[in-house]
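Here the structure is laid out as structure tokens; the discussion comes afterwards.
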Amino acid sequence: MNKCAERLYNGIIKENPTFVLMLGMCPTLAVTTTAVNGVGMGLSTTAVLVFSNLIISALRKIIPDRVRIPAYIVIVASLVTIVQLLLQAFVPSLYKSLGIYIPLIVVNCIILGRAEAYAAKNGVLESAFDGIGMGLGFTVGLTCIAIVREVIGGGAVFGMELIPEDFRITIFGLAPGAFFVLAVLTALQNACKAPSATNGSAPKSALACGGNCMECRGSSCAANHASLEAVRAQAEEKALAAKKAAQAKAAEMKANKKE
């Protein structure tokens with residue numbers, strides 16, 4: 001699998017921002033009242049992700065390291081403003097429906113996270129595909145939650161009525177419904193042992209114990225982690241000292257042979 005295809009697969013399946021990394025929960029829970037809203041917010045975020053990754057990757061050797069975060073925010077804010085104006089001009093109904101959550105894309109942790117973790121360290125093409133993958137993964141997550149909420153709470157999806165009014169559960173169209181749906185979908189992931197931040201498939205910590213705090217039986221987590229870090233640091237120091245001693249011995253033997 002080449003690098004571009006891998007970034008698409010990671011973003012949509014392996015590192016899905018909604019269901020695996022659990023990022024961007026604010027718009028996920030707030031705007032998914034209808035499937036149209038979910039698709040609109042997802043695609044808007046995808047556009048910002050792709051172009052921000054492109055620009056940041058292209059400028060990664062020019063932006064000074066100490067001001068990189070403010071620079072990223074300026075780039076993202078400019079792109080979000082363009083997206084906001086385009087939605088207001090061409091899709092006013094969607095713009096009105098999404099409301100304040102469009103400008104809040106600026107502080108979406110998915111965008112800044114990908115800029116810092118990937119775009120700032122990789123080439124332009126790979127960064128663009130990373131943005132496409134993560135954006136599509138976010139869109140899929142939002143749309144899945146929105147479809148479930150709209151069908152159960154509103155009895156319709158994309159304008160097609162599926163459930164009669166008497167059998168609709170209104171709470172799914174309200175704020176608590178978003179939590180219910182997300183919890184059920186996450187539970188299904190865990191039951192199917194799919195990658196998820198809640199089933200132990202998240203990347204392991206560098207700590208000796210793996211950072212699995214749910215199974216930790218130490219009397220104090222903080223103290224336990226501190227002691228583990230100290231043990232790991234001592235092991236690294238010993239390994240470095242042994243390596244230096246071996247190099248010194250090799251140099252001494254080489255010198256003796258010359259004599």
Side-chain angles (χ1 to χ4, degrees), residues 3-4 6-8 10-12 14-32 37-92 94-143 145-146 178 182 197 202-203:
K3 220 171 183 184
C4 295
E6 182 190 358
R7 296 323 305 164
L8 289 175
N10 280 6
I12 298 170
K14 192 176 177 183
E15 297 176 4
N16 186 285
T18 304
F19 295 126
V20 178
L21 302 180
M22 294 289 181
L23 297 176
M25 288 293 102
C26 179
T28 299
L29 299 173
V31 305
T32 52
N37 283 2
V39 173
M41 174 57 77
L43 293 180
S44 300
T45 306
T46 301
V48 175
L49 257 170
V50 173
F51 287 104
S52 64
N53 274 13
L54 273 170
I55 296 169
I56 289 166
S57 178
L59 300 177
R60 68 186 187 280
K61 295 180 181 177
I62 299 172
I63 299 173
D65 189 59
R66 60 184 177 180
V67 295
R68 67 187 189 283
I69 299 300
Y72 297 165
I73 291 173
V74 169
I75 292 167
V76 174
S78 303
L79 292 169
V80 170
T81 303
I82 294 169
V83 169
Q84 185 177 3
L85 292 172
L86 288 172
L87 286 175
Q88 190 175 8
F90 296 104
V91 200
L94 181 62
Y95 171 79
K96 188 177 179 181
S97 182
L98 295 178
I100 189 64
Y101 294 101
I102 299 173
L104 283 178
I105 293 173
V106 176
V107 291
N108 192 317
C109 49
I110 300 171
I111 295 171
L112 291 176
R114 297 321 296 172
E116 178 71 8
Y118 198 85
K121 300 178 180 69
N122 292 277
V124 173
L125 185 61
E126 293 89 346
S127 298
F129 274 90
D130 180 73
I132 294 170
M134 282 288 166
L136 291 178
F138 187 57
T139 305
V140 168
L142 289 179
T143 307
I145 294 171
L182 181 62

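Keep in mind that this is a model prediction, so the values were computed, not measured.
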So which heavy atom on [X] is nearest to which on [Y], and how close?
X      : Y      : value
Asn108 : Pro27  : ND2-CG, 4.0 Å
Thr18  : Leu142 : OG1-N, 4.5 Å
Gly11  : Pro17  : O-CD, 3.5 Å
Ser44  : Gly40  : OG-O, 2.8 Å
Gly131 : Thr46  : O-CG2, 4.4 Å
Gly133 : Leu8   : N-CD2, 3.7 Å

With rounding to the nearest 0.5 angstrom, report the [atom1] to [atom2] distance, [X] to [Y].
X      : Y      : atom1 : atom2 : result
Ile56  : Ile75  : CD1   : CD1   : 4.5 Å
Lys3   : Asn10  : NZ    : CG    : 11.5 Å
Ile102 : Thr81  : CD1   : OG1   : 11.0 Å
Asp130 : Tyr118 : CG    : OH    : 6.0 Å
Leu112 : Leu49  : CG    : CG    : 9.5 Å
Leu125 : Leu54  : CG    : CG    : 8.5 Å

Between [X] and [Y], is any pair of side-chain heavy atoms under 4.5 Å apart?
X      : Y      : result
Glu126 : Glu6   : no
Leu87  : Val83  : yes
Ser52  : Tyr72  : no
Ile145 : Phe19  : yes
Met41  : Ile105 : yes
Asn37  : Leu98  : yes
Ser57  : Arg60  : yes
Phe138 : Thr28  : yes

Checking Met134 against Asn53 for the side-chain contact (heavy atoms from CB on, under 4.5 Å) test, could you report, in this order, the C-alpha distance in whole Å, the side-chain angles of both residues, the deciding distance, and whether it holds?
CA-CA 11 Å; Met134 282 288 166; Asn53 274 13; over 6 Å; no

Arg68 with Glu116: basic N within carboxylate O range, under 4.0 Å
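The answer is yes: the pair qualifies as a salt bridge.
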
